[in-house]
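The model shown is predicted, which means the values in this text are computed figures rather than measured ones.
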Amino acid sequence: MSTFKADFDAFCTQANDHCKWRLAPTPSGFLHLGNALNFLLIWQCARQNGGKILLRIDDLDSERKRPAYLEDIFESLHWLGIDWDEGPRSPEDFEQNWSQIHRLPLYLDTLSQIKASDRLFACAKSRTDLAPFQGKYPETFRDQGLSLETPDVCWRLKTPEYHPLADFVVRRRDGIPAYQIASLADDLHFGITHIIRGVDLLPSTIAQQYIGSLLDGSGFENIKFLHHPLLLDPQGKKLSKSAGATSLKSMRDSGMSAEDLKAELFAYL
């Protein structure tokens, strides 16, 4: 952890008051300790350098979105004492003005630019079809004889050899742009300059940088990234969103002090 502390201090030192950061929670479960660690690192780095913070809530995964999870984001941020300069001020403001569904044309335009690179292909393979390959998409599946306009297919992007997310999905079967597209498009749209995220999202960072390389003059390559270690459960697994003991909601409800929690998290680093 001491190595990360040094990396974090150096990362923050390089920033200034022209930098812009973002908090990017998803309303797919109650936020947990890992989310709190991420938010606090971003907030501390931005505020000590006079930078701006955007609250961007990623809600394109509508099937997992719940009103209680959306409310929990605002309650958790207020409880932690984290403020932001741009973005929704309440669940109602978010739904009316800031939901990603309002920026769907932006994501579709990004998809169109990638489509022009001639690196997309249609895939009709199911999770069952892909299960034997243990997350490694086989190159032999690239040619399924399908048009991109075929109904009920996802779009995948051909990636270089040994890419950590081989031929990843950029458009879902329902026609909605996938996370990698929406996240990158939002970061460019809002002028984000610095991103701190968990080390589990390093493959996503590499995937988004690859997409950015296909967009002429996007400037995505100029965004600075720092990946922090994860908080793990007693079994050594990544924390998941739940209403269990590691959720921020359960901690608030138990009367735990946010200051005590922040002290524990920073002591961990």
J.: Answer with yes or no whether the side chains of D253 and S250 bring together a donor and an acceptor at under 3.5 Å.
T.: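 No.
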
J.: Apply ring-ring contact (aromatic ring centres under 6.0 Å, His included) to the pair F11 and H194, showing each step before the final yes or no.
T.: CA-CA 9 Å; F11 190 73; H194 289 67; 5.4 Å; yes

J.: Does the plane of the ring in F168 sit parallel, tilted or perpendicular to the ring in H163? Use 30° and 60° as the thresholds.
T.: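 The rings of F168 and H163 sit tilted, inter-plane angle from 30° to 60°.
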
J.: Restricting to side-chain contact (heavy atoms from CB on, under 4.5 Å), what partner residues turn up for D109, sequence neighbours left out?
T.: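 Q113.
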
J.: Show every salt bridge (Lys or Arg N to Asp or Glu O under 4.0 Å) that has at least one partner inside residues 154-182, sequence neighbours left out.
T.: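 Non-adjacent pairs meeting salt bridge (Lys or Arg N to Asp or Glu O under 4.0 Å): R142-D167, D152-R173, R172-D174.
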
J.: Determine whether more than 12 heavy atoms belonging to other residues, nucleotides or ligands lie under 6.0 Å from atom CD of E139.
T.: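 12 or below, so no.
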
J.: Scan side-chain atoms only and decide if Q180 and S204 contain a donor-acceptor pair under the 3.5 Å cut-off.
T.: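 Their side chains do contain a donor-acceptor pair, which is all the 3.5 Å distance test asks for.
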
J.: Is Q100 reaching over with its side chain to a backbone N or O of D59, donor-acceptor style, under 3.5 angstrom?
T.: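 Pair found, side chain donor or acceptor close to backbone of D59.
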
J.: Please verify the inter-ring angle class for F225 with F220; under 30° counts as parallel, over 60° as perpendicular, anything in between as tilted.
T.: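 Rings of F225 and F220: tilted, 30 to 60°.
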
J.: Would F190 end up clustered with L106 when hydrophobic side chains under 4.5 Å apart are linked, directly or stepwise?
T.: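 Yes.
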
J.: Might you point out which heavy atoms bring S28 and Y69 nearest each other, and give the distance in Å?
T.: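 The answer is C-CD1, 3.4 Å.
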
J.: Flag yes if more than 12 heavy atoms outside D216 fall under 6.0 Å of its CG atom; otherwise flag no.
T.: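 Atom CG in D216 is not packed in, count stays at 12 or less.
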
J.: Could you point out which residue of R252, K249, R66 forms a salt bridge (charged side-chain N to carboxylate O under 4.0 Å, His left out) with D72?
T.: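 So the option named by the test is R252.
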
J.: Okay, side chain of K52, backbone of E86: is any donor-acceptor separation there less than 3.5 Å?
T.: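 No, because the side chain of K52 does not come within donor-acceptor range (under 3.5 Å) of the backbone of E86.
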
J.: Within the distance-only criterion (no hydrogens, no angle test), does the side chain of D129 pair as donor or acceptor with the backbone N or O of S126 below 3.5 angstrom?
T.: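 Yes: the side chain of D129 pairs with the backbone of S126.
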
J.: Mind checking what makes side-chain contact (heavy atoms from CB on, under 4.5 Å) contact with P67, not counting sequence neighbours?
T.: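 Testing P67 for side-chain contact (heavy atoms from CB on, under 4.5 Å), a comparison that skips the adjacent residues, returns none.
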
J.: For T193, which residues count as a side chain to side chain donor-acceptor pair (under 3.5 Å) partner, sequence neighbours excluded?
T.: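 T193 satisfies side chain to side chain donor-acceptor pair (under 3.5 Å) with no residue once adjacent residues are dropped.
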
J.: Quiz question: by atom type and distance under 3.5 Å, do the side chains of Y179 and D61 form a donor-acceptor pair?
T.: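 Looking only at side-chain atoms, D61 and Y179 do not form any donor-acceptor pair under 3.5 Å.
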
J.: Backbone N or O of I53 within a donor-acceptor pair of the K20 side chain at under 3.5 Å?
T.: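 Not confirmed, K20 side chain does not pair with I53 backbone.
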
J.: Looking at R47 and D83, does any basic side-chain N land under 4.0 Å from a carboxylate oxygen?
T.: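 The answer is yes: the pair qualifies as a salt bridge.
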
J.: Determine whether the side chains of H228 and N38 contain a donor N or O and an acceptor N or O closer than 3.5 Å.
T.: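 Checked: H228/N38 side chains pair up, N/O donor to acceptor below 3.5 Å.
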
J.: Each residue besides F121 in its hydrophobic cluster should be listed here, by chain and number; the cluster joins Ile, Leu, Val, Met, Phe, Trp and Tyr at side-chain heavy-atom distances under 4.5 Å.
T.: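 Via sub-4.5 Å side-chain contacts, F121 links to L130, F133, Y137, F141.
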
J.: May I ask you to test the L70-F94 pair for a side-chain heavy-atom distance under 4.5 Å?
T.: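 Sidechains of F94 and L70: in contact.
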
J.: Decide, yes or no, whether a salt bridge links D58 with R56 under the criterion of side-chain N to carboxylate O below 4.0 Å.
T.: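 Yes, D58 and R56 are salt-bridged.
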
J.: Between D85 (side chain only) and L54 (backbone N and O only), is there a donor and an acceptor less than 3.5 Å apart?
T.: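 No, because the side chain of D85 does not come within donor-acceptor range (under 3.5 Å) of the backbone of L54.
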
J.: For the cysteine pair C12/C45, does the gap between the two SG atoms stay under 2.5 Å?
T.: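 Yes.
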
J.: Decide if atom CG of D118 counts as having more than 12 heavy atoms of other residues, nucleotides or ligands within a radius under 6.0 Å.
T.: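 Not more than 12 within 6.0 Å, no.
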
J.: Please check: side-chain N/O of S76 versus main-chain N/O of I73, any donor-acceptor pairing under 3.5 Å?
T.: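 The answer is no, because no donor-acceptor pair under 3.5 Å joins these two groups.
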
J.: Identify, with sequence neighbours excluded, every residue that meets side chain to side chain donor-acceptor pair (under 3.5 Å) alongside D143.
T.: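 D143: no side chain to side chain donor-acceptor pair (under 3.5 Å) contacts found.
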
